[in-house]
Amino acid sequence: EWWRLTPEHWKESFLGHPRIGDKKAVEEKQKNNTKSWEGDEQKGTSNASNNTLDAIKQGNILYEEKFGFIYLICATNKTADEMLDILNKRLDNKNIQDELRVAAGEQAKITQLR
């Protein structure tokens, strides 16, 4: 079961995801994968403004520096602005272990959708 895994296992599973807003990584993943749901995971970023995408990119950098793993969110049915807002709120989290559990919860949601 997911919640019985160690934090190291969770972090390892996060590595299989492209960064939110990283269009090149998403396109590469889509090219190498025929499962349509994976291509739709970050659909909310497809029409995002450059300002929003730049803010997500900068937020991703800050997040990784602060917590040591990528910002993971179940992006299905979320706009880029919503994902950015959630990213900014999660950057306020003080405890790395608490944020790791939040990210693991997002991974669990993604897994359920698949």
### Gap separating the CD1 atom of Ile86 from the CG atom of Leu91, nearest 0.5 angstrom
12.5 Å

### Query
Residues in side chain to side chain donor-acceptor pair (under 3.5 Å) with Glu82, at least two apart?
Thr79

Check: residues 53-60 side-chain donor-acceptor pairs under 3.5 Å, at least two apart:
unit_1 : atom_1 : unit_2 : atom_2 : d
Asn60  : ND2    : Ile20  : O      : 2.9
Asn60  : ND2    : Ile56  : O      : 3.4

### Task
Verify the cluster assignment for Ile96 and Ile73: are they in a single hydrophobic cluster under the rule of side-chain heavy atoms below 4.5 Å apart?
yes

### Query
Which residues satisfy the salt bridge (Lys or Arg N to Asp or Glu O under 4.0 Å) test with Glu12, sequence neighbours excluded?
none

### Message
Do Leu5 and Ile70 land in one hydrophobic cluster if side-chain heavy atoms of ILVMFWY residues count as linked below 4.5 Å?
### Response
yes

### Query
Just by distance, do the side chain of Lys11 and the backbone of Leu100 share a donor-acceptor pair under 3.5 Å?
no

### Query
Excluding sequence neighbours, so at least two apart, what forms salt bridge (Lys or Arg N to Asp or Glu O under 4.0 Å) with Asp85?
Lys89

#### Entry: Short side-chain to backbone donor-acceptor contact, Trp10 and Trp2, under 3.5 Å
yes

### Query
Which pairs count as ring pair (Phe, Tyr, Trp, His ring centres under 6.0 Å) when at least one residue sits in residues 90-112, sequence neighbours excluded?
none

### Query
How long is the gap from CD1 on Ile110 to NE2 on His17, to the nearest 0.5 Å?
4.5 Å

### Query
Of all residues at least two apart in sequence or in a different chain, which pass the side-chain contact (heavy atoms from CB on, under 4.5 Å) check with Glu8?
Thr6

### Task
List for me each residue that meets side chain to side chain donor-acceptor pair (under 3.5 Å) alongside Ser13, sequence neighbours excluded, and say none if there are none.
none

### Query
Any salt bridge (charged side-chain N to carboxylate O under 4.0 Å, His left out) pairs touching residues 93-106, not counting sequence neighbours?
Arg90-Glu99, Glu106-Lys109

### Counterpart residues, ring pair (Phe, Tyr, Trp, His ring centres under 6.0 Å), relative to Tyr63 (two or more places apart)
Phe67, Phe69, Tyr71

### Counterpart residues, side-chain contact (heavy atoms from CB on, under 4.5 Å), relative to Glu1 (two or more places apart)
Trp3, Arg4

### Message
For Asn50, I'd like to know if atom CG has over 12 heavy atoms of other residues, nucleotides or ligands within 6.0 Å.
### Response
no

